[in-house]
Asks: 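The structure's right below; bear with me while I get my questions together.
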There are 4 protein chains.
Amino acid sequence: MAPYNEDQLNQIRDERREQILAAALGVFARRGPALTKMSMIAAAAGISHGLLYHYFKSKDELFTELVRRAMEGASQGVGDMLDHPGTVTGKLRHFLQDAMTEEARLSFLLIHQTRASEGVPEEARMIIGDYSILWFVERLRPLFLEGQRTGEIAGDDADLLITGLLTAMSGSMILHASDEQNIPLLNPDHLLRMVLAPGHIQPL
Amino acid sequence: MAPYNEDQLNQIRDERREQILAAALGVFARRGPALTKMSMIAAAAGISHGLLYHYFKSKDELFTELVRRAMEGASQGVGDMLDHPGTVTGKLRHFLQDAMTEEARLSFLLIHQTRASEGVPEEARMIIGDYSILWFVERLRPLFLEGQRTGEIAGDDADLLITGLLTAMSGSMILHASDEQNIPLLNPDHLLRMVLAPGHIQPL
Amino acid sequence: MAPYNEDQLNQIRDERREQILAAALGVFARRGPALTKMSMIAAAAGISHGLLYHYFKSKDELFTELVRRAMEGASQGVGDMLDHPGTVTGKLRHFLQDAMTEEARLSFLLIHQTRASEGVPEEARMIIGDYSILWFVERLRPLFLEGQRTGEIAGDDADLLITGLLTAMSGSMILHASDEQNIPLLNPDHLLRMVLAPGHIQPL
Amino acid sequence: MAPYNEDQLNQIRDERREQILAAALGVFARRGPALTKMSMIAAAAGISHGLLYHYFKSKDELFTELVRRAMEGASQGVGDMLDHPGTVTGKLRHFLQDAMTEEARLSFLLIHQTRASEGVPEEARMIIGDYSILWFVERLRPLFLEGQRTGEIAGDDADLLITGLLTAMSGSMILHASDEQNIPLLNPDHLLRMVLAPGHIQPL
DNA sequence: TATGAATGAGGGTTCATTCAT
DNA sequence: TATGAATGAACCCTCATTCAT
């Protein structure tokens, strides 16, 4: 009856699952969970809405799975940046560039939606709960302290500088997502100026 | 004979109307129009949902009235800043401080929601239509060009600087609104650094 | 305090009551009880909706009072017609003319609404309950039988003729009320033809 | 693989649609659009109210579709009658009999409701707009004039006769619908008497 | 696996009724 | 007596979810 064997079926299942997740990420990230309709995800994935429920028990479960993956990605992005060779300025510039790719932005937006929305599944909230902006501050603090020793980073309170940088970056992504026509993404070098010591700012 | 006289009735009506508008601004600005339920506004205003409809014909009309007021406020805020005496840096610092008061932030958020959401009343969209971020860029451009002449402002493309400054500021408001516990508003002086010439940046 | 004495107050009360009843009759008769809003009656009577409740406990009570009066009027109209001197044909023509005056029509319509609508107060339904079309048939039967003896009335089943005449008359009122622009009231002489013996029909 | 094939789905959809339309016609025709609740239609069709919205976008659209069909039917009924062979009297008798079948009556009632009610969808009003009672008068006028030549129809103003006949017929339908227990439909032969010349009236 | 018909809880809005003045 | 602000039940409609095939 079934025209596929076991392995082929598994492969189809996996592909479908990824296809759904990719489609759902785009919609959830831009519209937020409450305004995302299952029918939108189905349309974006090119399948029927009924089929979504073969792969995910509910909208909440699908959303939560995406949040889990987004957090893993974000966490790994910070790690990669810290491992990157070069000066503090170079590492930061790399980080900002990586963070502002299309894919990374969607993850950022999804995390923002999770934090900003009510009615978010409890589990999703718990997953990001520990990774508030403070989590990033702690990861980046050593880098900023080193930058202040080398004179690259401005002498203000390091935590404040980090928070500011991340805030401006995230906010820019949100605004850009809300109106791509009119609001360009922030230039990474302008962002960097917020935290670099005056002497290290280079003209564009 | 008449139970309340004309003046008393007008006073009750005006107070209620303002009370509703204030409550609605808070809810709409944070949640967006689609996720704002009339019952939330009623609860925030401490009245029944039925009473909302004595003062505003519909959710759309209430929202649109708020957008109208927000745009008037935003437009006036820019005008005031340009009239403010002092250096370019001083004017900008004042502008950022004014813009980040509680009241101004709610207006900014509301305008953001109007631009970012689907299903916004057509009239509201028209009201903000002309005031995209470009509108602000044009108003601020003379100031930035002057700042570049006086050496206060960095030499990059002025429009890019303005857009960046406004983006970071707006984004910060959005993030702060989404999670006041964890995401502080950007420090105006950090924001200024994005656009000031290195020589003019002063330690905090 | 009160600028009126007892008698004046009573007079005001009675006038107000009649004013409300007259206004309500027009609205109820044309729109039916369910589609008649208390605010419409108040507007038609030129008073506030709140005042309605000083004179009538509820919409249902107001409606029921009107039905009571309408039934009294209808019942009296039939009695008057039977007492009228002249031939059977003459009595019937008089009856039809009286029944199609503005005032009588509103009463007919109200009774129709009571019978046709759901959600009518139980008491109103009971008041008209006994006065179905059969009530009229019984009152008019002697007249029709006499007319058949004198040769004025056609020889068909008398009850059927009566029912037909009343139906056509009532239906005409309903249609006229629904679209006065386009649907004229039936001509009483055309109506009479439905029941007169061929030899007694006179050209218009 | 596909659960139902295309044909099965089309059949289910068509059946449901007709089932809903039939149920809705009965309710709308008797109660009018404003007093017809979607839950009533759903109950009459034996489905959930939610399902109605899979087949019709709104109450207004459902109502309008019914009005469209009713007008087509009414218009065709008149055409058929004119094509019917036989005397003028025979044609008219046939017309009255056809018009008073259960199905035709519901259509008549629906059109009446459309004309009589406020808050009717604009499109529905436009559909019947051209078909006021005058439309019927014009279609039937040649037949009546011919009847007057042959001596079958009374010599009064033909338009008045037609209007009267249609009014009495429609009114009878409305009354019958409002209280089937007590108000029988008018006998077509009694109706005919309203317009036939005395010599052509035959005993029942 | 895949589809879409079917259900029902929840939010916007209207309107009868109450009540402070 | 008279007004109109205030309340809440009920109806239209949307959309997450289930289920027959």
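By convention in this document, chain letters (A, B, ...) are assigned in the order of the sequence lines, proteins followed by strands, and residues within each chain are numbered from 1.
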Asks: Check B:P33 against B:Q113 and note the closest heavy-atom contact, atom names and distance.
Replies: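 Closest pair (atom of B:P33, atom of B:Q113, distance): CD-CB, 4.0 Å.
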
Asks: Calculate the interatomic distance between B:I20 atom CD1 and F:dA5 atom P; express it in whole Å.
Replies: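 To the nearest whole Å, that distance equals 11 Å.
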
Asks: Measure from the side-chain heavy atoms of C:R16 and tell me the nearest of F:dA5, F:dA2, F:dT1.
Replies: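 That would be F:dA2.
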
Asks: Strictly below 4.0 Å: does A:H54 bring a side-chain N or O up to OP1 or OP2 of E:dA2?
Replies: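 It does not, given that no N or O in the side chain of A:H54 lies less than 4.0 Å from OP1 or OP2 of E:dA2.
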
Asks: Roughly how many Å is it from CD in D:E6 to P in F:dT21, rounded to a whole number?
Replies: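 Those two atoms, CD and P, are 18 Å apart.
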
Asks: Look up atom CD1 in A:I128 and atom CD in A:E123, then write down how far apart they are to the nearest 0.5 Å.
Replies: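 The CD1 atom of A:I128 sits 12.5 Å away from the CD atom of A:E123.
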
Asks: Could you list by number each residue of residues 25-39 of chain D showing a heavy-atom separation from DNA chain E of less than 4.0 Å, or answer none if no residue does?
Replies: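 Hits under 4.0 Å, by residue number: none.
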
Asks: Going by an N to O cut-off under 4.0 Å, is there a salt bridge joining D:R68 and D:E61?
Replies: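 Looking at D:E61 together with D:R68, the answer is no, because their closest N to O distance does not fall below 4.0 Å.
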
Asks: How many whole angstroms separate atom CD1 of C:I41 from atom P of E:dT17?
Replies: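 Nearest whole value for this atom pair: 10 Å.
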
Asks: Side chains of A:E15 and A:Q19: is there a donor and an acceptor less than 3.5 Å apart?
Replies: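 No.
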
Asks: Of the non-hydrogen atoms in B:I41 and B:L62, which two are nearest, and what is the gap between them?
Replies: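 Looks like CD1-CD2, 3.9 Å.
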
Asks: Where is the tightest heavy-atom contact between B:L106 and B:A29, given as atom of each residue plus distance?
Replies: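 Shortest heavy-atom contact: O-CB, 3.5 Å.
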
Asks: Less than 4.0 angstrom between a side-chain N/O of B:Y53 and OP1 or OP2 of E:dT13, yes or no?
Replies: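 Checking E:dT13 against B:Y53, a side-chain N or O does come within under 4.0 Å of OP1 or OP2.
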
Asks: Between D:Q8 and C:R13, name the one whose nearest nucleotide on DNA chain F is closer to the 5' end.
Replies: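 The residue closer to the strand's 5' end, by nearest nucleotide, is C:R13.
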
Asks: Give the stems involving DNA chain F, where a stem is 3 or more consecutive Watson-Crick or G-U wobble pairs (i with j, i+1 with j-1, and so on) under 3.5 Å.
Replies: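 Only these stems qualify: E:2-21 with F:2-21.
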
Asks: In this structure, how many angstroms lie between the C1' atom of F:dT21 and the CG atom of D:L9, rounded?
Replies: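 Rounded to whole Å, this separation is 10 Å.
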
Asks: Please tell me which of the listed nucleotides, E:dT13, E:dT17, E:dA5, lies nearest to the side chain of D:I12?
Replies: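 Looking only at side-chain atoms, D:I12 lies closest to E:dA5.
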
Asks: Looking at B:E180 and B:R30, does any basic side-chain N land under 4.0 Å from a carboxylate oxygen?
Replies: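 Salt bridge: yes.
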
Asks: Scan residues 44-51 of chain A against DNA chain E and write down, sorted by residue number, each residue with any heavy atom closer than 4.0 Å; if none is found, say none.
Replies: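 A:S48, A:H49, A:G50, A:L51 - these, ordered by number, are the residues of the stretch whose heavy atoms sit under 4.0 Å from the strand.
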
Asks: How many Å lie between OH on D:Y55 and P on F:dC12, as a whole number?
Replies: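 Distance check: D:Y55 OH to F:dC12 P gives 20 Å.
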
Asks: Check every strand shown and say whether A:F56 touches a base, only sugar-phosphate, or nothing at a heavy-atom separation below 4.0 Å.
Replies: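 Touches nothing.
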
Asks: Taking NZ, NE, NH1 and NH2 as the nitrogens, is one of them in C:E18 or C:R69 under 4.0 Å from a carboxylate oxygen of the other?
Replies: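 C:R69 and C:E18: salt-bridged.
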
Asks: Contact class for D:L52 vs. all strands (heavy atom < 4.0 Å): base, sugar-phosphate, or nothing?
Replies: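 If one applies the 4.0 Å heavy-atom cut-off, D:L52 turns out to touch nothing in the nucleic acid.
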
Asks: What distance do C:S107 atom OG and C:H112 atom NE2 have between them, rounded to the nearest 0.5 Å?
Replies: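 The OG atom of C:S107 sits 14.0 Å away from the NE2 atom of C:H112.
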
Asks: What heavy-atom pair brings D:R13 and D:Y55 nearest, and what distance separates the two atoms?
Replies: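 Looking at all heavy atoms of both residues, the shortest contact is O-CE2, 3.7 Å.
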
Asks: Drop me the distance from C:D179's CG to C:I174's CD1, to the nearest 0.5 angstrom.
Replies: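 So the CG of C:D179 and the CD1 of C:I174 are separated by 14.0 Å.
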
Asks: Which heavy-atom pair separates C:S58 from C:M38 by the least distance, and what is that distance?
Replies: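 Minimum heavy-atom contact is C-CE, 4.4 Å.
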
